[in-house]
Protein chains: 2
Amino acid sequence: MSEYNFCYKYPHPAVTADCVIFGFDGFSIKVLLIQRGIEPFKGKWALPGGFMNIDETAEECAKRELEEETGLKNASVEQFYTFSDVNRDPRERVITVAHYALVKLAEVKGGDDAASARWFSMDEVPRLAFDHDRILRMAASRLKERICFEPIGFELLPEVFTMTELQNLYEAILEVKFDRRNFYSKMLKLGILVETEPRPEWASRRMPTKYRFNAAMYAELKQKGFRLEF
Amino acid sequence: MSEYNFCYKYPHPAVTADCVIFGFDGFSIKVLLIQRGIEPFKGKWALPGGFMNIDETAEECAKRELEEETGLKNASVEQFYTFSDVNRDPRERVITVAHYALVKLAEVKGGDDAASARWFSMDEVPRLAFDHDRILRMAASRLKERICFEPIGFELLPEVFTMTELQNLYEAILEVKFDRRNFYSKMLKLGILVETEPRPEWASRRMPTKYRFNAAMYAELKQKGFRLEF
DNA sequence: TAATTTTGCGTAAATTTAACGCAATAAAAT
DNA sequence: ATTTTATTGCGTTAAATTTACGCAAAATTA
């Protein structure tokens, strides 16, 4: 008896979910890739992801595969585009629902179909398997759009951070430079930042103020959106 | 011999493409629906759409189904979300790549699996088949977001139109009211409008200036985006 | 015939943005 | 040890933009 036991009247494509996971090390944007442990493209770097089970949503699939292949748990992934070109995959017709997430950098390890997993700076990413180069490019461009209309950073930065670190994050994503003093006042005016402790009188200029996010205000701005013109 | 001839090692979901087609009649936003001619949900209204062929992309499928079911050709559809809830469809596991498009109102007619097709005002839309209510809601919300960052109207308005018609369009989509005089100057400043003919000296106030879009400028703004703050 | 509506064209005040100055001092260079 | 450079906080000012209206001409409606 054949092992091909799932039969349909009409041909069905396979469906996968892939993940573009962004992180930030204080200076530049990183992306999490896995090295494929099986054919096709064995040995090549690729986005984490894999075939959808018949009883899970695309988002559930993305989270499951991400954890299986990299060890990263509870990322809050969001789908951004479905790639359905006919010859994306040499094995069979496969369409993929691509997701992205912003996470704090964490230790990752290969697992399941992934021989290994690690963070890459955006400018050191090698040629990827399948059409994953294209998927990554689109994710980066969506990230740029998003940063202008809702606050990010909460997901990417440590609990406590300086204004300079926040500015570095924005500059890394948007690939531009801002005037430090204007950035400073614009961010404070948004009201999503709170000083971690009152700055002492004697504090030196080289002990920068530390901030954390005001979660309530952050969520509200995320909800209703804003405009960062820069 | 069974008619179930397409067999796989693992279960595969079916994939469909659905279309949310928006139009504008000068006063309010319309959406194009079809009445289902076959089970399930026979007789219910639904979004145009259907199963993807194995050799076409989701976008091609959306366009094909749209033409088959409503007669509308060459709509420039764009995908906006993939719905993958497990029990969306009573027949089998179906995930759908939802698309939307802005078109000039045109005569439509039912065809193929659609008993009939017609335009509905957004506030007279009945309960739809499947999870199409949810899909429609998300499309409307995406349309609202989009209108603030890139010009629309070219797709929705007739060749030649008045400033008041353009304002009605924006007000209908965003569900707000603008000051006529500020809207007027803001739009002119964008540079995407050209007067169809020099306004004669003797023109009365009740013969409003007619505009058309400056295609080149329109495309450029579409490309690089802008911010309509309002 | 009088009141109302629509359209084009302004204008002034309030707000926001953009560009940059300056002092204190830590860190690095000489 | 001394000088130079870099970082941080806290401004200021001019330009640009947004917002809230005013007003008149003419068509429409009452």
Side-chain angles (χ1 to χ4, degrees), chain A residues 25-28 147-149 151 153 157-158 160-172 174-212 221 224-230, chain B residues 26-27 147-149 151 153 157-158 160-172 174 176-212 217 221 224-230:
Chain A
D25 67 0
F27 300 97
S28 66
I147 200 179
C148 296
F149 310 128
L157 289 172
V160 167
F161 52 89
T162 67
M163 190 63 82
T164 304
E165 287 170 324
L166 185 61
Q167 180 172 353
N168 285 342
L169 171 60
Y170 273 80
E171 291 183 342
L174 291 172
E175 297 176 287
V176 293
K177 290 285 172 190
F178 301 125
D179 179 275
R180 178 181 58 84
R181 294 147 296 185
N182 290 339
F183 183 88
Y184 184 97
S185 42
K186 195 169 287 194
M187 276 296 159
L188 286 183
K189 199 172 37 154
L190 286 176
I192 58 180
L193 300 181
V194 283
E195 297 188 13
T196 51
E197 53 195 293
R199 191 183 163 71
E201 270 291 318
W202 46 267
S204 86
R205 301 306 170 113
R206 282 299 186 88
M207 275 183 180
T209 313
K210 299 270 193 173
Y211 298 92
R212 64 177 80 239
L221 265 191
K224 80 180 220 298
F226 64 85
R227 300 296 130 67
L228 269 192
E229 289 284 354
F230 289 123
Chain B
F27 299 97
I147 199 178
C148 296
F149 309 130
L157 289 173
V160 166
F161 53 89
T162 69
M163 190 64 80
T164 303
E165 288 170 323
L166 185 61
Q167 181 172 354
N168 286 342
L169 171 61
Y170 273 80
E171 291 183 341
L174 292 171
V176 293
K177 291 282 172 192
F178 302 124
D179 179 275
R180 177 182 58 84
R181 295 150 293 186
N182 290 339
F183 183 89
Y184 183 98
S185 41
K186 196 169 287 195
M187 275 298 161
L188 286 184
K189 199 171 38 149
L190 285 177
I192 58 180
L193 301 180
V194 284
E195 297 189 14
T196 51
E197 51 194 295
R199 191 183 162 72
E201 270 292 318
W202 46 265
S204 84
R205 301 304 169 117
R206 283 301 184 88
M207 275 183 182
T209 312
K210 300 267 192 176
Y211 298 91
R212 65 177 79 240
M217 202 52 136
L221 265 190
K224 81 180 219 294
F226 64 88
R227 298 298 127 68
L228 269 192
E229 290 284 352
F230 288 123

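Below, chain A is the first sequence line, B the second, and so on; all start at residue 1. Any value given below was found using the heavy atoms of this structure, including those in side chains, with hydrogens, waters and symmetry copies removed.
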Length of the line joining Phe183(B):CZ and dA20(D):P, which is rounded to integer Å: 16 Å

Side-chain N or O of Lys189(A) versus OP1/OP2 of dT17(C): is the shortest distance under 4.0 Å? yes

Between Leu190(B) and Met217(B), is any pair of side-chain heavy atoms under 4.5 Å apart? no

When the distance from NZ of Lys177(A) to P of dA19(C) is rounded to whole Å, what number comes out? 16 Å

In whole angstroms, the gap separating P of dT6(C) from CD of Glu165(B) amounts to 14 Å

For dC10(D), does OP1 or OP2 lie under 4.0 Å from any side-chain N or O of Tyr184(A)? yes

Can you measure Met207(A) atom CE to dA26(C) atom P for me and round it to whole angstrom units? 8 Å

In the structure I gave you, are the side-chain heavy atoms of Leu166(A) and Leu193(A) within less than 4.5 Å of one another anywhere? yes

Verify the ring-centre separation between Phe183(A) and Tyr170(A): is it less than 6.0 angstrom? yes

Measuring from the side chain of Arg181(B) (C-beta onward, heavy atoms only), which nucleotide among dC9(C), dG21(C), dT8(D) has the closest atom? dC9(C)

Tell me: CE of Met187(B) to P of dT7(C), nearest whole Å? 16 Å

For the side chain of Arg180(B), counting heavy atoms from C-beta on, which of dG8(C), dC10(D), dG9(D) is nearest? dG8(C)

What is the separation between atom OH on Tyr211(A) and atom P on dT8(D), rounded to the nearest whole Å? 11 Å

Return the OG1 to CG distance between Thr162(A) and Asn168(A), rounded to the nearest 0.5 Å. 7.5 Å

Rounded to the nearest 0.5 angstrom, the CD-CZ distance for Gln167(A) and Arg180(A) is 8.0 Å

Residue met sooner reading DNA chain C from 5', once Asp179(B) and Thr164(B) are mapped to nucleotides: Thr164(B)

With respect to the phosphate group of dT16(C), does any side-chain polar atom (N or O) of Lys186(A) fall under 4.0 Å of OP1 or OP2? no

Looking only at dT18(D), dC20(C), dT8(D), the nucleotide nearest the Asn182(A) side chain is dC20(C)

Separation of Lys210(B) atom NZ from dG8(C) atom P, in whole Å? 11 Å

Taking only side-chain nitrogens and oxygens of Thr209(B), does any of them come within less than 4.0 Å of OP1 or OP2 of dG8(C)? yes

Specify the separation, in whole Å, of atom CD of Glu195(A) and atom P of dT8(D). 14 Å

